[in-house]
Each structure stands twice: as C-alpha cells, then as structure tokens.
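A, B, ... follow the sequence lines: proteins, then strands. Residue 1 opens every chain. Please read these numbers as outputs of a predicted model, since none were measured by experiment.
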Amino acid sequence: MADDSHIPAQARAAAQSGGARRPADTVQEVGVASEGVAAGAVAAPRGGFSILPAFDEHHPPSFQLVEECVHCGFCLPSCPTYLLFGEEMDSPRGRIYLMKEALQGEPLDGAMARHFDLCLGCLACVTACPSGVRYERLIEATRQQVERRYRRSVADRSFRALIYQLFPYPARLRLFTAPLGLYQRSGLQSLVRRSGVPARFPSRLRSLEELMPPLSPRRDTGVPVWTPALGSERRRVGLLLGCVQRFFFGEVNAATARVLSAEGCGVLAPQRQGCCGALSLHAGREAEAMRFARKTIDCFEAAGVETVAVNVAGCGSAMKEYGYLLRDDPQYAERARQFSARVRDVSELLSELGPVAERHALPLTVVYHDACHLAHGQGIRAQPRELLRQIPGLTLHEVPREREICCGSAGTYNLLEPEPARELGERKARAVLDAGAQLLVTGNPGCHLQIQAALRRLHRPLPAAHVMEVIDASIRGVPVDALVQWPAASRRLAWPGAGA
Amino acid sequence: MDRRARLVRRMEEALGAVAVVSERAELRTYECDGLTSYRVVPSLVVLPESAEQVQRAVCICHQEGVPFVARGSGTGLSGGALPVEDGVLIVLARMRRILEVDIPSQRVVVEPGVINLWVTEAVAPQGYYYAPDPSSQLVCSIGGNVAENSGGAHCLKYGFTTNHVTGLEVVLPTGETVQFGGKALDTPGYDLVGAFVGSEGTLGIATRITLRIVRKPEVVRTLLAAFVSMEEAGGAVSGIIAAGILPAAVEMMDALSREAAEAAVHAGYPAGAGGLLIVELDGPAAEVEYQFGEVERICHQNGCTELRIARNDEERVLMWKGRRAAFAAMGRISPDYYVQDGVIPRTALPQVLRKIAQLAAAHDLRVANVFHAGDGNLHPLVLYDGAVEGQAERAELLAGEILKACLEQGGSITGEHGVGFDKKRYMPDMFTTTDLATMQLLRCAFDPDHRCNPGKVFPTPRLCGEVPGPYRVHPLEKAGLAERM
Amino acid sequence: MDVRLREIVGAHVWEAGTEDAIDGVQPALVIEPGSVEEAAAVLRLANENNLAVAPRGGGSKLGWGNPPERLDWILSTVRMNRVLEHAAGDLVVRVQAGACLRDVQQELAGAGQWLALDPPEAEGTIGGIIAANDFGSHRLRFGTVRDLLIGITYVLPDGTVAKAGGKVVKNVAGYDLNKLFTGSLGTLGLIAEAIFRLHPVPASSRAVVAPQSGAGMGAGELGGAVQSILDSSLVPSALDFEWREGGRLFVLFEGVETGVTAQAEAARQLLDRRGGAAILEDVQVRPLWQGMGRPQLDRNGTRLKITTPIAELPALITCVENLAAGHPLVRTMWGHAGSGIAYLDLGADEQPVIALLAELREKIAALGGSVVAHAAPAGVKRALDVWGEVGTALPLMLAVKRQFDPMRVMNPGRFVGGI
C-alpha cells in the first residue's frame with residue numbers, strides 16, 4: 001500500500017496547509033537504467049530519474065497538433081490544476097509546451113512526468129480552446145509515453161498496480177467487496193470514521209477510505225441478462241455494467257435497465273462483459289486498454305445489439321474512442337470504428353429516441369453536475385438536462401460557479417493525487433451546496449463518490465443519485481422520500497418481472 | 001556558491017521552496033507570453049503569494065543586482081512579460097484575492113493576479129461591472145491590465161484601465177513599498193497612479209489595486225449590420241459620430257476575419273459581407289431607444305445589406321462571440337498569424353485600409369482586419385505559414401509597414417497591446433529622440449538602476465544621472481553593445 | 001539679461017507690478033513668449049541662471065499652492081492662445097496652452113462639440129486648467145482633465161521641447177506623461193500645447209432639485225439620496241450638493257429630449273420622498289449650474305477642497321458640523337456628491353481656521369480622503385502646508401521633480417512636500 005512518510009515533512013505540511021500548491025513529489029529513484037526501460041536512459045543530476053529521448057517512436061504526441069497551440073492562454077481559467085497551483089507547468093498551455101520541449105530534445109525527468117501526471121484529463125481545456133487544439137489526443141499520447149518509459153518510485157508503482165489489478169476485474173472486485181461489505185455493515189466503518197483515525201493515515205490510504213461508498217446490496221445480481229422492452233421494441237441495446245458501477249452502484253444499473261425497457265428498448269446485459277478499459281486508456285496504459293477494448297468489442301458484437309448504452313461518463317467516452325485506439329490493429333480497426341459509432345450515453349440515447357413512458361411528478365429541486373467526460377469528453381450537456389426537465393414538478397438548478405471545473409474524481413485521480421483532488425472536491429461541494437437543492441444528480445459514479453466524500457468532510461451531506469435513478473423513480477411513481485433516502489428504500493423496490 | 005545558486009537559495013528561504021521554479025524544462029514554459037516570436041529563458045521564476053513576498057523578492061533582486069520582470073497570466077501580445085536573460089521572472093498569478101468590495105463608494109480592491117472578469121463577477125449581483133473588457137478578459141490579470149493600460153471593445157465610451165484605477169500599492173525596484181492614490185479622487189501630489197498605469201511593468205510591481213466600478217446600464221442594445229465593403233461600413237460609423245451619438249462599442253470586421261470567426265464559433269454572421277459592423281448602445285432606456293433608431297437609419301443610409309438586432313442577452317452574446325474569438329480563430333484559416341495593433345484617426349480608415357490591401361498584395365500575404373471603429377484602433381491580422389521559407393519574415397515586415405501607414409495618418413503604434421519588446425523599434429517613428437529621452441526621466445526617478453523590466457518600451461536606455469541636459473548617448477550604445485532597433 | 005530676453009521675445013517683457021506677486025512674493029519681470037520656441041529659450045535662460053519661474057495663463061488659480069520659495073519671472077502664455085486644429089470627425093482638438101477655455105468652447109460649439117470641462121474659474125486658460133487639475137460638475141460623467149487630455153507638448157526648464165500622447169484617443173505608446181503633468185502645478189515644466197478628446201453638445205437638459213423648498217435634508221438623508229441616484233441606472237451629467245445647515249441635491253441630465261425627460265421624472269420620484277423634488281427645464285438649468293461653485297469667498301477667507309470616498313459624504317458633513325459647532329467660521333459647503341468631492345469656505349479668522357484645518361485633516365485622513373486649501377491668507381499658508389500629508393510616495397515625487405527640474409526653476413516651493 002502506498003505510504004507517504006517518505007515525503008519531506010515540509011512539503012507535506014505545505015500541501016496540507018491552505019491547499020496543495022505543488023503537491024509533494026514522490027521521491028525519485030536514483031536513476032540507473034534497468035532492463036525493461038528503453039535505451040538511452042540517463043541518470044538525472046539531482047538524483048532523480050531522467051530519460052532521453054523523452055519519447056519513443058510509437059505514437060509520440062504529434063508535433064503538428066502541438067503547433068496548433070497559439071499560446072493564447074484561454075485554457076488557463078478552466079484548468080483545475082492551474083486554479084489550484086497557479087503555475088504555468090500545470091496548465092494545458094504549459095503542458096503542451098512541455099510536450100513540445102520534449103519533442104525538441106528535453107529529457108523526460110521527474111518534474112516533467114509529474115506535471116503530466118497531475119493533469120486530470122478533464123478536457124475542460126478542449127472546450128475552452130478557441131483554436132481547436134486536440135489536447136485530448138496529446139495528453140493521451142503523452143501519458144502512454146510516460147507509462148512506458150518513465151520509471152516511477154516503488155511506492156507509486158505498487159499503488160498503481162493495486163488499482164489496475166483490482167478495479168477492472170469483476171471477479172477480483174467481488175472477492176474484495178466481501179470483507180468490505182462486512183466492514184461497512186458491522187458498523188466498523190462508521191466507528192473508524194468517527195474516531196478520526198483516518199486523518200492519520202497516509203494520504204492515499206485515507207483517500208481510499210473516504211471515497212468508499214456504501215456497498216450496494218444488489219451487486220452484480222441487479223440486472224438480468226435480458227430485459228425485454230415494455231410495449232414494442234424500438235431499439236435493441238447492450239448495456240455496459242461497468243466495474244465500480246456494478247459493485248457500488250448496482251441500483252443505477254438496475255434503474256438504467258428499467259428506464260430503457262420502459263422506453264421501448266430491449267436490454268441485453270451480457271454476463272461475460274468485463275472492463276471497457278477506460279481507466280487504463282486514460283492512464284496511458286495502452287496495451288492493457290487495447291486488450292480490454294478488444295474483449296468488449298467481441299462481447300457486444302456477439303450480443304448483436306444495435307446500440308451500446310453506457311451510464312458511466314468515463315466509460316462511454318473511452319468506448320467512443322475505440323476506433324482511434326485500435327487504429328493500428330488490422331483485425332479490429334474497422335470493427336472498432338463501427339463499434340464506437342454505436343456507443344451512446346444513456347441520456348444521449350433516450351434523447352434520440354424521445355420519451356414514450358409516462359412521467360409521474362417528482363416535486364423536488366435537483367442540482368445537476370456535469371461529469372467532465374460527458375460534458376467535455378462527449379459534448380453531452382443538454383440531453384441529461386432535457387430528460388430531467390421532462391419530469392413534472394422537478395426544478396433543475398445549476399451549479400452556480402466553476403461549473404466547468406472538474407470535481408477532482410477524474411477516474412483514479414482522487415486515489416493517486418489525493419491532495420489536489422480533495423481541494424477540488426471541496427470547491428465543487430461548496431458550489432453544489434450553494435445551488436440550494438435537495439438532491440445532487442450526476443452521470444458518473446466517480447463524481448458521485450468524490451462529491452459525497454467532500455460533502456461528508458464538510459459535515460453537509462446531500463443525497464445524490466444518477467440521472468437514470470431519477471427518471472426511473474419518475475416512471476415508476478416512486479415518492480420523493482424514497483428516492484432521496486437511498487439505499488434504505490431500494491430494498492423495498494420491486495424489480496418488474498423478477499419477483500420482489 | 002555561484003550567484004545563481006545563491007539567488008535560488010535566498011528566494012527559497014524568503015518565499016518557500018514551493019514558490020521557486022528553477023528546473024530548466026519548467027523555466028522554459030515561461031519563456032514567452034502571448035507573443036511567441038520572442039523567447040528568453042529566465043534564470044529563475046518565483047511565484048509570491050502576498051505583497052510582502054513580492055517585496056522580499058524584489059529586495060533580493062535589488063541586493064543581488066539582478067534584473068526582474070513581472071508577469072500575470074502571460075497573455076500579453078507585445079512581449080511585455082518576456083523574461084530577461086539572467087533575470088528573475090516574478091509571476092503574480094497566485095495573488096488572486098479580491099480584497100474588498102465597496103459598492104457605495106464604487107471601488108473594488110484587488111491583488112494583481114485577479115482575473116479581469118472576476119471583478120465584474122464579484123459585483124454583478126449588485127448590478128455593477130468593471131468596464132475595461134479586453135477580449136482576453138476571462139484570462140488576463142488586472143496587474144497586466146494596469147501595466148498595459150488595457151482597453152477593450154467598450155473603451156470608446158468608458159475609457160481604459162487608467163480611467164478606472166484610483167489607487168495603487170507599488171513595490172519599487174529598490175524594494176520599498178509606496179502608496180499612490182486610494183479610494184478617494186485627487187490625492188495631492190503628482191498623479192503617479194496615472195503615470196504608473198500603462199508603464200508596462202518598467203516602474204515597479206503593483207501589489208494592490210483600487211478599481212472603480214460602474215453601474216450596469218439600464219438597457220443594452222446591440223445590432224449587427226452587413227455592408228458590401230469596409231468603406232460603406234466606415235461611412236456608417238462616421239455618420240453615427242456626426243449625429244452626436246457615442247456608442248458603447250463599434251466594431252468592424254472584414255470578410256476574412258468574419259470567415260475565420262464564423263468557422264470557429266458559428267455565430268451565424270451574414271455570409272458574403274465585405275464589412276461587418278457591430279454597434280452597441282447602452283444607457284437609460286429612453287435615450288437608447290431614440291439613438292438606436294438613429295443608428296439603424298444611418299446604417300440603412302449607408303447601404304447596409306442586412307441588419308440584425310439582438311433580441312435578448314443570448315443573441316447579444318452570440319453576436320460578440322465571433323468578434324471576441326476572431327484572433328484565436330485565425331488559427332483555423334491559417335497555420336500562423338501575426339496580430340498587429342495600431343491606431344489611426346477614425347476618419348482615415350478608408351485610406352489606411354486601401355494602403356493595407358496594397359501592401360498585402362505587394363507581399364503576397366493575406367491580411368484580415370478587425371477594427372475598433374469607435375476609437376480608431378486597428379488590428380490587422382497578417383496571415384502566413386511559418387513552415388514556408390521566408391514567410392514569417394515577410395509577415396513581420398508587412399506588419400511593420402502597416403504600422404508605418406498608421407503613423408503616416410497621425411496615429412499610434414499601439415492602441416492596447418503595448419510597446420513591450422515587440423514595438424520598441426517603432427518608437428522612434430512615433431516620437432523623437434528627445435521625446436523618448438524625456439519620457440525616460442520618469443523611469444530614472446523610479447528605477448535608476450534600470451533593473452525593472454529592462455529592455456522594454458524604449459529602444460535605447462537613457463543614462464540616469466543627476467546631471468541635467470539633453471539626451472546623452474548611453475555608454476552601451478556607444479560601445480555598440482546596445483542596439484538601436 | 002534684459003538684452004537676451006529681448007532677443008527672444010522682443011518687446012513682450014516688462015517689469016512686474018505688485019499685482020503680479022504670488023502670495024506676496026514679488027517677481028521682477030513678466031515675459032510673454034509668442035511661441036513654443038520662444039518659451040523654450042526663455043526657460044533655458046532661466047535654468048542657466050538659476051532663476052525661479054512661475055507660468056501663468058489667466059491667473060485665476062495663482063492662489064492655489066504654497067507661497068513660492070523664490071520668484072523671479074512670470075512666464076505668461078496669453079499670446080499662445082490659438083486653437084490649432086479641430087478634427088470634428090475624430091472628436092479631437094489641439095490647442096495652445098494660453099487659449100482661454102471659454103474661447104475654445106465657442107469655437108468647438110460651431111461643430112456641435114465641446115470639451116467636457118466646466119470649471120467655475122471663467123478666465124482659466126487650458127494650460128492652467130491642466131496644471132491645476134481644474135474641473136467642474138460634469139466630472140461625474142466625463143471625468144476630469146486626466147480623462148480628456150490625450151496629448152501634450154511641454155517645455156522642460158532646460159529648454160527641451162518634447163511631446164507625449166498623440167492625436168488619437170486610444171494610445172498606449174510610451175509613458176502617460178499627460179497624467180504626470182496634470183495637476184503638477186507647473187512644477188515639472190511649461191505646458192505649451194494640449195490635445196483633448198471631445199464630446200457632442202447635448203441636445204437637451206433637465207435638472208432635478210431636492211428638496212425644492214424649505215429646510216434641507218439631514219446628512220444621513222442626503223447621503224441616502226445620493227446613493228439612491230448612484231445605485232439607479234440613471235446617468236446624470238452632474239450630481240451636486242449644497243449644505244447650509246441642511247442639504248440640497250442637484251441632479252443634471254443631458255442628452256436627447258425623450259431621454260432627459262424620462263430620467264428627470266425617474267429622479268424626481270426617487271428624491272420626492274425626501275421633502276419634495278422639482279424638475280427644472282432647459283432654460284433654468286444653465287444659470288443654476290453656472291451659479292454653482294461660485295459663492296463669494298470672504299476677503300482673506302479660506303477655501304478648502306475635500307475629497308473622500310463617495311460613501312463618506314454624510315460622515316464628512318457631520319465632521320464639519322461638529323468641528324464648526326459654535327464657530328461662525330463656516331460659510332458654506334458644496335460639491336460633487338457623486339464623485340466624493342466637497343468644497344468648504346471658511347471666514348477670515350486665521351487662528352481658528354488653522355486649528356480647524358488641522359483637526360479636519362486628521363478626521364478626513366481617517367476616512368481615506370484629503371484636504372487641500374485652494375485659497376488661504378498668507379498666515380494660514382505659513383502655518384500649514386496647503387496640500388497636507390502625501391505619505392509614502394513623497395520621496396518618489398521628489399525624485400521625479402529632480403529628474404525634470406533639477407535646478408528647481410519651476411514654481412519652487414509651491415507644491416507638495418515643498419517641491
């Protein structure tokens with residue numbers, strides 16, 4: 001498990017007082033080229049690790065794309081790390097500049113890698129850029145290079161290994177969640193949290209503990225393999241169950257399947273499906289991402305569905321990029337392209353289809369939070385709002401400020417970079433609270449966990465739900481109280497056709 | 001210990017390690033501001049978080065005899081924040097607190113790193129705003145605005161930064177902190193607030209700025225008028241001014257800039273227009289209604305082919321969106337472009353546009369024109385492809401000639417971007433040696449050691465002695481080491 | 001000396017009389033150059049001979065400032081009094097410093113334009129107005145000299161002639177010496193030419209006076225009334241007040257007929273609650289505003305200019321009332337409420353005036369403002385600096401003076417900190 005006792009006390013203190021400025025670097029290995037690292041590695045003079053050339057020949061960030069940046073700086077105000085640290089190197093403009101330097105011969109050293117790691121990948125800069133710079137392509141390519149070529153510290157590597165060996169594998173997550181369920185239901189978790197002991201945990205461990213949601217009672221038995229459409233079938237869709245979603249937000253999947261069914265979709269949730277590879281893709285773990293992508297394509301192709309529906313922002317975003325990811329694979333390139341063209345976020349899909357199921361009133365105020373991979377990554381902002389507005393009696397509030405700033409979840413960012421994530425979470429939580437709503441609605445489990453953890457730290461809890469849960473409640477005429485007091489109510493909910 | 005190492009150590013001790021950047025790759029990200037044609041890697045970058053830290057940093061520079069340059073968001077277009085080699089770059093981006101909002105006295109006090117738009121956002125709920133609104137207002141800093149005396153589309157009616165700053169706290173190059181002005185007007189003594197604003201960071205670093213805010217107008221009415229040519233659009237503007245109407249803003253775009261803006265933001269500008277006019281009037285409802293009617297009439301009188309009136313805030317924002325994104329949008333129709341900034345008497349616009357067209361043809365390059373028609377500030381955007389041999393040089397040459405054309409009409413070499421590094425060489429075209437030398441008397445009073453943002457604004461530094469008399473050649477210039485550019 | 005002067009200005013030099021003295025300091029000569037070159041030559045001569053020179057236009061503001069340390073020559077600009085260029089299409093005018101404002105306005109009116117400055121001193125010249133930072137009620141809407149001056153030609157004491165700014169409104173090339181010279185009281189050099197931006201002459205005007213009759217408003221009420229106007233979206237050209245044991249507010253609207261009528265009505269409604277408000281038509285407006293700012297000052301009286309943050313008007317009034325309690329000294333107080341500028345006239349009793357001024361300065365400084373004496377008898381000026389404390393910026397101001405006028409030729413001793 002990661003521990004940050006090796007971080008100099010001064011830096012740790014600086015990071016915790018008044019918010020992280022430049023979070024404590026993990027100590028670098030004294031650089032000696034080891035076997036698996038590409039030729040040309042050199043020891044950096046200050047005892048860090050440095051590699052030259054910075055990038056290898058396999059898909060380095062494109063110099064042409066880098067040159068499209070005119071250095072205007074319009075991206076700075078939308079960048080969460082620039083907001084926190086105020087340094088050029090932690091802004092999109094600065095990161096692009098670092099990429100350019102690297103392409104022009106600067107070595108990839110600890111400092112540079114750190115700035116790339118600190119990027120949340122939220123893509124708010126892509127939305128803000130008036131010149132249309134493809135930052136998403138650049139950071140993806142750069143992360144892949146860093147993953148391949150840069151040697152992180154032992155602690156860092158171990159922690160990352162833990163995450164990527166665990167989260168994308170349903171079977172392993174199931175094993176992991178058993179004791180976790182006990183930890184929560186036995187009351188041990190609340191005892192631990194009240195004791196204040198976690199505050200003394202090393203930062204990353206503390207982060208993990210804070211973010212843990214109540215384990216979903218439904219887990220992966222929540223969604224049957226096949227749910228027929230109510231009434232005539234308008235579309236045959238495949239449903240991605242997700243990894244973290246499956247175990248911690250089974251209700252959301254259940255609600256999603258119900259809503260799709262109610263809106264005339266036949267829903268296939270293939271059992272064999274695994275991870276879509278989003279976590280790996282966004283972390284620059286290219287080979288791993290490609291493996292997951294191929295398996296996912298195989299699985300859903302076999303299912304023979306017209307559309308693949310996704311209720312997790314990050315997953316949908318990644319799956320829409322399969323065409324680009326597998327462009328070099330002759331066996332999959334075309335299939336991936338076609339697959340990607342069939343991927344829809346559920347709100348996007350429902351908006352396309354148009355509502356048929358009656359909506360019952362849900363008199364409550366909600367605040368909708370745009371997940372970055374929905375808003376910036378897929379350009380999906382209007383559809384979830386449209387769906388919410390179709391519910392009678394529902395009042396939609398907007399987050400009153402810093403709407404385009406990431407909540408800090410950013411995939412596994414809140415586990416890997418807890419200090420900036422915590423600060424961003426707090427900013428978002430305060431803004432959400434100022435919206436004055438009864439319920440927080442979002443389209444991504446990561447955001448859900450992150451914002452709720454931040455609200456808990458502020459001692460201002462606010463119930464949260466997925467867009468699909470709200471629509472589901474409206475279609476089934478569930479009273480507001482039941483929706484807002486999840487999970488207690490969920491055990492009373494009947495699954496149509498599956499027995500109570 | 002060598003000087004640089006000592007400097008690093010002293011800065012780290014005084015400001016904390018977290019405020020000091022000394023790694024080469026990181027330093028390079030600061031080597032230029034919004035103008036990328038010039039790059040200089042600073043020796044060191046520091047990011048103070050308080051006025052006191054700024055003072056410490058400047059003191060250290062003073063004691064070590066090291067030059068320094070201040071930087072805000074790094075979006076300037078004249079290289080004003082271009083670092084000095086072997087110098088320190090003092091970045092004010094972390095000083096971004098709004099210190100006080102005093103609506104009854106119409107003042108807001110801010111730190112220099114506060115973003116321009118944040119000031120308006122802070123007072124908008126009470127119905128006020130901060131008038132100087134450069135197109136980069138969502139990222140440029142107040143400190144930078146003070147240095148450049150930034151304007152914006154609405155400066156015709158409302159003035160520039162200098163008309164909206166009533167007080168400053170400044171760290172002088174010697175490290176002392178002084179106060180100029182305050183919340184009240186007309187502080188006794190020389191108007192050092194007025195002298196400091198627009199001095200492009202060569203006189204000191206402002207660490208606290210008292211701004212004047214204004215009440216939002218009762219109504220804002222915006223129209224978009226398309227004309228066959230820029231001449232006719234210009235004629236409409238002359239008519240508006242002659243009718244005694246002072247619009248809040250009058251913007252003109254030619255066909256090329258319209259194309260690029262449309263490609264970038266899809267504002268729905270009328271296709272095929274040779275000249276596009278955006279006119280905005282604001283003020284009390286009855287007055288605006290009357291004047292707006294006049295403006296419409298005048299546009300029609302001058303042959304507008306299409307006239308659109310914004311019916312609500314959204315439409316108004318959309319009309320402006322294209323204009324505001326015009327520069328950055330050039331990236332879509334050309335690999336590279338050079339933004340020029342010149343001023344001409346408004347009545348000289350037709351001649352100048354003709355001249356620009358001639359010059360552009362002569363250099364075989366395209367030039368898009370965006371014009372603050374109300375105040376005569378012209379932004380010719382010289383389009384080129386840096387990858388093609390010689391084009392970058394031609395573009396620069398052309399930009400310089402355009403500037404000379406502006407001067408020929410009695411204009412200025414810069415309306416808002418400042419002289420910085422980029423336009424030093426044109427200063428002698430606008431001012432005589434004597435003019436420049438006497439301006440520098442001011443600099444000698446503030447910065448006798450010539451260490452505060454040296455190498456900016458003036459092509460040749462003046463010898464700062466106590467000896468009176470006309471301009472004397474600087475020894476460096478005599479020795480052929482300093483260039484008269 | 002005389003010979004050299006005559007070489008420069010011909011017959012336009014003569015012995016000064018007692019009426020040419022400034023605060024009792026008697027100069028020897030009055031010189032009237034006819035051009036910038038002549039003025040430059042005169043100053044160079046003064047500089048070489050370590051003489052003290054005071055520029056003078058209409059002479060209406062010679063009492064502003066401390067008494068000169070020494071005074072040898074008066075440099076009069078009355079012969080340099082032409083409007084050089086009026087570019088009506090660009091709303092710009094270039095004038096010589098000795099031109100009388102009244103004459104300039106007359107010429108500009110021909111094209112329906114005006115220089116938006118309306119100082120009460122009628123005989124003021126452009127140079128004097130700039131040097132003294134003189135202004136009137138229209139400051140609220142159009143600003144003062146610093147907001148209207150876009151270009152300047154000046155002569156340094158060593159005879160250097162230089163310019164700053166230009167003929168275009170928008171110009172950020174070089175240092176803004178226009179601002180430096182504004183209000184410098186002739187201590188940095190002679191202002192020879194000036195370029196201003198202009199505004200269209202409004203078609204119509206209306207004024208609102210509140211209360212229209214009876215006792216005036218209380219201090220707090222007056223402050224509230226001012227805030228209600230400022231916080232509305234009305235755009236007055238002037239928002240002035242008068243205080244004589246009670247306050248009265250005067251609001252001026254200018255523009256197109258429909259606009260001013262609507263605004264005046266809106267203002268009247270806002271102010272009506274406070275004892276009735278009346279609307280004055282066009283015809284009555286001009287005399288009202290011309291009368292403002294020109295109460296008769298007692299012989300040997302003192303006129304103070306007090307600036308504070310806008311919201312401090314009630315506190316200022318209360319402070320003055322308290323200080324003046326029992327003193328028959330205080331005559332009237334009036335000013336530009338919308339800008340935080342007030343004027344206070346005091347009677348001719350020196351000792352109490354000095355005491356009152358000292359105490360007033362302290363109180364006003366605490367409010368974030370300043371008190372400057374625009375007119376005061378010699379005794380008061382000897383006891384107290386007319387400018388008051390300048391604060392941390394004084395050494396820098398001294399440094400600026402040293403750069404521009406190292407021999408202290410220009411108005412020595414008349415400015416802040418003994419400059």
Chain A heavy atoms under 4.5 Å from Thr36(B): which part of the residue, side chain, backbone, both or neither? side chain

Side chain, backbone, both or neither: which part of Leu47(B) has an atom under 4.5 Å from a heavy atom of chain A? side chain

Checking Gln53(B) side chain against Glu49(B) main chain: does a donor-acceptor pair fall under 3.5 Å? yes

I need the full list of side-chain hydrogen bond (donor to acceptor under 3.5 Å, both in side chains) pairs touching residues 60-71 of chain A, with sequence neighbours left out, sorted by first then second residue. none

Quick one: which of Gly113(B), Gly74(B), Gly34(B), Gly386(B) has the most heavy-atom pairs under 4.5 Å with chain A, could you say? Gly74(B)

Below 4.5 Å, heavy-atom pairs only: which of Ala102(A), Pro77(A), Ser91(A) has the largest tally toward chain B? Pro77(A)

In terms of heavy-atom proximity below 4.5 Å to chain B, should Arg401(A) be classed as side chain, backbone, both, or neither? neither

Donor-acceptor contact present, side-chain Ser131(A) to main-chain Val133(A), <3.5 Å: no

At a heavy-atom separation under 4.5 Å, does Cys32(B) approach chain A through its side chain, its backbone, both, or neither? both

Quick one: what part of Asp33(B) sits under 4.5 Å from any heavy atom of chain A, side chain, backbone, both or neither? backbone

Once ring-ring contact (aromatic ring centres under 6.0 Å, His included) is applied, do any residues pair with His369(A), and if so which ones, sequence neighbours excluded? none

Where does Glu31(B) contact chain A at under 4.5 Å (heavy atoms): side chain, backbone, both or neither? side chain

May I ask you to decide if the ring planes of Phe421(B) and Tyr38(B) are parallel, tilted or perpendicular, using 30° and 60° as cut-offs? perpendicular

Does the pair Glu136(A)/Arg134(A) count as a salt bridge with the N-to-O cut at 4.0 Å? yes

